[in-house]
Amino acid sequence: MGAAASVDLKTATDEELQKIASELSAEAKIMYSSLLTGDGKSDEVSANMKRIKENKGKLYEIEAKVMENKQMIYGERSYIEENRQLILKNYAAAFMGNRQIANTNTDDIFKNRYAILKTLKTSSQVEVNFRESKINEAKVDFLDHRSKLNAKVEAVSEKMAAANALLIEVNDAIMESNAEIVAFNADSISTNSKLLEAGILPEKCTPEANATRIASNSERMAAVLERAKTNAAKVAEVMEKAKANRGHILENSE
């Protein structure tokens, strides 16, 4: 377009016009040819060109937001996965380690209690009754303690079963999302194949059809941008909860 800038197109010679035309890109040649031979529809073609350009500009903003969300969401997921691993580590230490050591200590304490009581010397039936009732009392203490612990262990197991049910729901949701990706890819491959085989179909390549498609793109872009904004707010909310959970998890590990 350098030559066109220094030549008055109204007074340019045929040779100058041919030189200007030869410097145009293939896309520009198609554009000017359409405008000049638009069968009275040059205004529609120009309007479509303008809206397409506007959409392209907006798409950069939308793409940046959507891909930023993707990066943030995967980072958030990684953080949550780390929390889960730390929770399982704490669980193993608390239940399989510390809990069992404490339970063994309880068993030993009451074995010692029984041994102490059995070695008490008695000189009357009253003293015998004291010793035997104390042995029974120790057994009641132990069984009362153990039965209460059993109820608490069962309550935790119930929560773990509920957590597992939620994890199953998570897996189902992931599998459903995977199926959606596969279906989307299949549809996209089909579209690619049709474009390769048929090229541009005349019935789909009119100013009116283009205008409809451009309007549809604009509408869908607005929906995508709104969804991206909602996703960004949700990521921030969930990440805040995940960080609060991390603090609690680390407290439990101390």
Side-chain angles (χ1 to χ4, degrees), residues 1-2 4-5 23-35 38 41-84 169-246:
M1 291 296 293
E23 294 178 352
L24 292 174
S25 65
E27 185 175 337
K29 289 178 182 178
I30 293 173
M31 177 185 70
Y32 287 121
S33 175
S34 297
L35 292 175
K41 296 184 178 181
S42 60
D43 289 343
E44 292 180 58
V45 174
S46 296
N48 285 345
M49 287 171 54
K50 181 181 178 182
R51 287 193 289 269
I52 289 171
K53 186 175 181 181
E54 290 173 353
N55 281 353
K56 281 186 177 181
K58 292 177 182 178
L59 277 171
Y60 287 117
E61 175 192 355
I62 296 172
E63 182 179 16
K65 191 63 179 176
V66 169
M67 299 314 292
E68 178 188 9
N69 282 350
K70 178 185 177 182
Q71 183 179 5
M72 291 173 61
I73 288 170
Y74 276 86
E76 170 194 77
R77 176 68 62 83
S78 177
Y79 193 89
I80 292 171
E81 288 283 352
E82 288 175 4
N83 279 356
R84 185 172 68 173
E169 288 184 19
V170 167
N171 288 341
D172 288 343
I174 291 172
M175 292 171 65
E176 182 180 347
S177 180
N178 289 347
E180 289 178 5
I181 295 171
V182 172
F184 177 81
N185 289 346
D187 288 343
S188 298
I189 290 170
S190 176
T191 298
N192 290 350
S193 298
K194 290 176 181 178
L195 285 170
L196 285 171
E197 292 171 4
I200 297 176
L201 298 175
E203 65 271 19
K204 293 186 177 182
C205 184
T206 65
E208 295 79 10
N210 288 343
T212 299
R213 190 179 307 105
I214 293 165
S216 174
N217 287 344
S218 298
E219 184 177 348
R220 293 175 65 198
M221 285 163 57
V224 171
L225 182 58
E226 191 61 32
R227 189 184 307 121
K229 291 177 180 178
T230 301
N231 287 343
K234 190 66 176 178
V235 171
E237 178 186 346
V238 173
M239 194 62 188
E240 185 176 349
K241 292 179 181 178
K243 288 181 178 179
N245 288 341
R246 176 66 64 88

Roughly how far, to the nearest 0.5 Å, is [atom2] of [Y] from [atom1] of [X]?
X: I80; Y: N245; atom1: CD1; atom2: CG; value: 8.5 Å
X: N83; Y: K243; atom1: CG; atom2: NZ; value: 11.5 Å
X: N55; Y: S216; atom1: CG; atom2: OG; value: 10.0 Å
X: E176; Y: N171; atom1: CD; atom2: CG; value: 13.0 Å
X: M72; Y: N69; atom1: CE; atom2: CG; value: 6.5 Å
X: N178; Y: M175; atom1: CG; atom2: CE; value: 8.0 Å

Legend entry - Residues which pass side chain to side chain donor-acceptor pair (under 3.5 Å) with N217, listed by chain and number, not counting sequence neighbours: none
Of all the heavy-atom pairs spanning [X] and [Y], show the shortest one and how long it is.
X: P207; Y: N48; result: O-ND2, 3.1 Å
X: R51; Y: A211; result: NH2-CB, 4.0 Å
X: K58; Y: M221; result: CB-CE, 3.4 Å

Legend entry - Heavy-atom side-chain proximity of K70 to I73 below 4.5 angstrom: no
Inset, instruction - Answer whether the closest heavy-atom distance between the side chains of E68 and Q71 falls below 4.5 Å. - result: no
Inset, instruction - State whether K65 and E61 are salt-bridged, where the test is any N-O pair (Lys NZ or Arg NE/NH1/NH2 against Asp/Glu carboxylate O) under 4.0 Å. - result: no
Legend entry - salt bridge (Lys or Arg N to Asp or Glu O under 4.0 Å): pairs with one or both residues in residues 72-84, sequence neighbours excluded: E81-R84, E82-R246
Flag, side chain of [X] to backbone of [Y], donor-acceptor distance under 3.5 Å:
X: S218; Y: I214; value: yes
X: S177; Y: A173; value: no
X: T230; Y: E226; value: yes

Inset, instruction - Taking atom CG of L201 as the centre, report whether more than 12 heavy atoms of other residues, nucleotides or ligands fall under 6.0 Å from it. - result: yes
Inset, instruction - Given side-chain contact (heavy atoms from CB on, under 4.5 Å), test N231 with R227 step by step and report yes or no. - result: CA-CA 6 Å; N231 287 343; R227 189 184 307 121; 4.0 Å; yes
